[in-house]
Amino acid sequence: MTTVVVTGGAGFIGSHLVQSLIEQGRQVHVIDNLSTGSAAMVHPSAVLHVEDIRDLSARQIISKLRPDTVFHLAAQADVQQSILNPGQDMEINAGGTLNLLEACRQAGVHKFVFASTSGVYGNTDKNPLEETDAAAPISFYGLSKFCAEHYIRLYGQLFGVDWTVLRFANVYGPGQTSKGEGGVVSIFMEKLRQGHPLTINGDGEQTRDFVYVKDVVSALLAAGNAGERDIFHVSTGKATSVNRLIALLRQQHGQEFVTLHRPAKDGDIRDSCLSNAKIRVSLNWMPAVTMEEGLRETYRHFFPAGS
Ligand code: NAD
């Protein structure tokens, strides 16, 4: 049975990945400091190590286990938090990645798969973006992820650690909390559940590429076996405005709700849509879940039948 390590496996995307890896019969070890994740999210068959990816102890776990693959998802993933505390993103997202890479090099880990972000690109008029387009992050979060990508590339080049970087669009689905990077769907669901108004930053015409978490997991699994030393978008390639999201939520909810507007946030990208042409060809991956289906499943999680 192959052993894999999932950092951030107690978080939103990581917990879905852990579940799928367990279902595939893998021996799964999770490294997570539970800063935003929770032990309850970790599949009971996985081994949870409550450790910080910046620490020597995290390195020692990898050295001891000598896993086949490390899926690195642990991160400070809140854009606004990165503006408030730039150094923290550098330490966790860049420094933590470097710490893990060093462990992988020493342990002879076969493959390092990294969860990166559309946030590396910053504001651009080009839509959809290709992987070859220039990165110019406008948040410290995007910058720290871009920096981590380069450490990964160099560890491949200089030390032979194989890697794949996946730049996720806005991920949504069951288990997402209202914190973190792409949380607008979960923030709105939570407000609906509480019967509170939904607050829209700016005019609501800003667009995002919303990709369902189960599709993201299938891309991570594909990257475990292919796409060596390359960068891929994990996205739908479709731009959806926040106003369109509100309209879909109205259909799903079946009842009226109030929306309020406030100014756009610093560091927020106006439009974000990623081409998925490359990953479709190279990893034979494409999104399988439509926005309507994904929202339905997410809604069911927030409003279980009978609640
Ligand atoms: P999340 O906050 O739910 O998960 C992150 C996990 O990492 C949490 O369980 C947290 O406890 C853990 N963690 C944070 N700092 C840590 C540290 N120093 N040491 C050990 N563990 C630590 O976020 P998520 O939405 O599941 O995101 C997972 C990954 O995907 C992140 O790397 C994020 O940058 C990336 N990503 C997410 C999105 C999105 O839309 N959610 C989009 C692009 C990229």
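Every number for a ligand or one of its atoms is a count from 1 in the order of the listing. Bear in mind the structure is a predicted one, so any value in this text is a computation, not a measurement.
The backbone N or O of Gln206 lies less than 3.5 Å from no partner atom in the side chain of Asp271, so there is not a single donor-acceptor pair. The backbone N or O of Ala226 lies less than 3.5 Å from a partner atom in the side chain of Thr164, making a donor-acceptor pair.
Between Thr117 and ligand 1, no pair of N/O atoms sits closer than 3.5 Å. Considering backbone and side-chain atoms alike, Phe12 places an N or O below 3.5 Å from some N or O of ligand 1. Of the N or O atoms in Asn170, none lie within a sub-3.5 Å distance of an N or O in ligand 1. Ligand 1 has a nitrogen or oxygen under 3.5 angstrom from a nitrogen or oxygen of Ile13. Remark: ligand 1 and Gln76 share no N or O pair separated by less than 3.5 Å (distance only, no angle test).
A donor and an acceptor atom, one from each side chain of Asn243 and Ser241, are nowhere located under 3.5 Å apart. When only modelled atom types and interatomic distance are considered, Glu293 and Tyr212 share no side-chain donor-acceptor pair under 3.5 Å. Side chains of Glu149 and Ser116: a donor-acceptor N/O pair is present below 3.5 angstrom, by distance only.
For Tyr121 and His233, the gap between ring centers is short of 6.0 Å. Ring centroid separation for the pair His253 and Phe303 comes in under the 6.0 Å cut-off.
At a 4.0 Å heavy-atom cut-off, ligand 1 touches Ser116 through the backbone alone. The side chain of Ile92, and not its backbone, has at least one atom closer than 4.0 Å to an atom of ligand 1 (non-hydrogen atoms only; side chain from C-beta on).
For ligand 1, the atoms closer than 4.0 angstrom to any heavy atom of Glu51 are 19 (N), 20 (C). Those atoms of ligand 1 with a heavy atom of Gly11 less than 4.0 angstrom away are 3 (O), 4 (O), 8 (C), 9 (O). Every atom of ligand 1 is numbered from 1 in the order shown, and the set under 4.0 Å from a heavy atom of Leu34 is 11 (O). The ligand atoms of ligand 1 that sit less than 4.0 angstrom from a heavy atom of Ala115 are 29 (C), 30 (O), 32 (O). Of all atoms in ligand 1, listed by their number and element, those nearer than 4.0 Å to a heavy atom of Ala77 are 33 (C), 34 (O). Interface atoms of ligand 1 facing Ala10, defined by a heavy-atom separation under 4.0 Å, are 9 (O). Those atoms of ligand 1 that come under 4.0 Å of a heavy atom in Ala169, given as number and element, are 40 (O), 42 (C), 43 (C). Interface of Gly37 with ligand 1, defined as ligand atoms under 4.0 Å from a residue heavy atom, comprises 8 (C), 9 (O), 10 (C), 11 (O).
Contacts classified as salt bridge (Lys or Arg N to Asp or Glu O under 4.0 Å) and involving residues 112-126 (residues at least two apart or in different chains) are given here: Lys126-Asp133. Within the structure, salt bridge (Lys or Arg N to Asp or Glu O under 4.0 Å) contacts touching residues 194-203 (residues at least two apart or in different chains) are Asp203-Arg270.
Residue-ligand proximity: Tyr141 is placed with a non-hydrogen atom under 4.0 Å from ligand 1. The shell of residues lying under 4.0 angstrom from ligand 1, judged by heavy atoms, includes Lys145.
In the candidate list Val234, Asp55, Leu73, Leu73 is nearest to atom 28 (C) of ligand 1, counting heavy atoms. Across the listed options Val211, Leu220, Asn33, Asn33 owns the non-hydrogen atom lying nearest to atom 20 (C) of ligand 1.
A 6.0 Å sphere centred on CZ of Phe140 holds no more than 12 heavy atoms belonging to other residues, nucleotides or ligands. Tyr151 OH: 12 or fewer foreign heavy atoms inside a 6.0 Å radius.
The cationic group of Arg250 lies under 6.0 Å from the six-membered ring centre of Phe257 and within 45° of the ring axis, placing it in a cation-pi geometry.
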